[in-house]
Structures are given as structure tokens and as C-alpha cells.
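Please read the structure below before turning to the comments.
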Amino acid sequence: MVRVLAVADEEVLAVRSRLRDLRIDLLLAAGDLPWDYLERVAAEVDAPAAFVPGNHDPVVSRTSTGPRGFVAVDERIVTVGGLRVAGLGGCVRYNGGAHQYTQAQYERRARAMLAHDRDDAPVDVLLTHAPPLGLGDDDDPSHVGIAALHGVLESLRPTWHLHGHIHPFGMVKGDRQVGPTTVRNVIPWHVVEVEPRAAAAAVRRGA
């Protein structure tokens, strides 16, 4: 079992003391957190880390590669910390800022991610900044969900879909179930335990 700390959007006060007794195998960041904060969290948990950008994050370029020590999984499917993780960052376009895309652009990005995957191994986690359309999103233009994520979930059937972007404002954001996938808003952070699907399949085959 891989113990995952997922973080997004809101910093946690006294983060070092609150992390001290957690045993974490993998850190996943779903966007809109300062990179120095993410680097402090990663140093504290001392585990592999991966991220997708939120709509308030800087554009990653040749000279700006994201939080130090993090694997960028935007529009990629990679193995990190013992899990296969697929990622799509950003949100629906609402003011032309960085990491914002139209629904049609998201559809193209999702298709590209799926087409570039050369590994037949199952995906454990879908990590995005925004939620799927109609699943935990909001009505205002900046917080509408992503229609293309429904096709991604149908194709990959991950155990977890972890996202941020929709601030709870003190309310409990309940999980949603899409087939075998649990969709969870992880703001400000959540710990989940994930059984790697590839390992589970090998056990069932008697490997």
C-alpha cells in the first residue's frame, strides 16, 4: 500500500509540526500552492513528489521547471513513488491567464496524454487541478469543471481522481464515485492509501 499526501490551493498553518508524525510514501500537488511551500512539505515528508499546475501557478519553461524535486505530470502518465499517475493541470479559460484552456483544448490535451502513453500498466491516480464537469465543480465561469475528464476516467479507470481548485470554505466536499474511481477534492490536504493496481493484478495472476 502506498500512503499518499495530496495537497492543493491552501497552505496549512504550522505545516512542519503537523507533518512530523505522518508516514508518507508519495506527495502529490494539485496546483495553486507556492513552490517554496511545496518544497518545504516535500523536504519534511522526504518522499518522491509530483505536481500539476493550477491556474495561478507560473508557466514552466526552460529556466523555470517547477518546484525543486517534483516530477511534472501535466499531460503525462508517469510512474512515481510506486504508483502510475496521470496528470492534467489548469482550469477552464475565464480570463486568458496561464494554465487556462477551453473545453475543446482540454479535449485535445486529454487525447494527447492518452495517445502518448506507451505502457499498458494500469493507472492508479488521476491528478488534476480542476474537477470533472458536474462533479464537484461550481457554476461561476472560473470554477466550471472539465468535460474531457469524463472520457479520461472512462479510459483509465484509476482508483483515485484527486483535484483541487474548488475551495471548500469550511464546508465538507464529499467524495464522488465514477465507476471504480473515487473523486476527491483534496484542499488543503488529504492522506489516502492506494494499492498499486499493477501489483494487485500480479497477485491475482499468481505472479
Rounded distance [0.5 Å steps], [atom1] in [X] versus [atom2] in [Y]:
X	Y	atom1	atom2	value
R3	R23	CZ	CZ	6.0 Å
L114	I77	CG	CD1	5.5 Å
D124	T79	CG	OG1	8.5 Å
R18	L13	CZ	CG	7.5 Å
L38	F51	CG	CZ	8.5 Å
M113	L88	CE	CG	4.5 Å

Kindly say whether [Y] contributes a backbone atom to a donor-acceptor pair with the side chain of [X] at under 3.5 angstrom?
X	Y	value
H150	L133	yes
E44	L19	no
H190	V4	no
N185	G136	no

Sequence neighbours excluded, which residues qualify as side chain to side chain contact (heavy atoms under 4.5 Å, CB included) partners of [X]?
X	value
D32	D9, N55, H56, D57, H129
S142	Y94, D140
A50	L28, V71, V73, V80

Hey, does [Y] have a side-chain heavy atom less than 4.5 Å from the side chain of [X]?
X	Y	answer
E10	H167	yes
L5	V191	yes
V45	L22	no

Inset, instruction - Quickly, which of T181, T182, T128 forms a side-chain hydrogen bond (donor to acceptor under 3.5 Å, both in side chains) with H161? Name it, please. - result: T128
Residue pair [X] / [Y]: nearest heavy atoms and the distance that separates them:
X	Y	result
L33	E11	CD2-N, 3.7 Å
A130	I146	CB-CG1, 3.9 Å
G90	Y101	CA-CE1, 4.4 Å

Inset, instruction - Would you please name every residue forming a salt bridge (Lys or Arg N to Asp or Glu O under 4.0 Å) with R184, sequence neighbours left out? - result: D175
Legend entry - Residues forming a salt bridge (Lys or Arg N to Asp or Glu O under 4.0 Å) with R157, sequence neighbours excluded: none
Inset, instruction - For residues 97-113, pull every pair meeting salt bridge (charged side-chain N to carboxylate O under 4.0 Å, His left out), keeping only residues two or more places apart or in separate chains. - result: D74-R109, E75-R109, E107-R111
Legend entry - The single option from L83, L27, L26 passing side-chain contact (heavy atoms from CB on, under 4.5 Å) against P48: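 The side-chain contact (heavy atoms from CB on, under 4.5 Å) with P48 is passed solely by L26 among L83, L27, L26.
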Legend entry - Whether over 12 other heavy atoms sit under 6.0 Å from E154 CD: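 Result for CD/E154: open.
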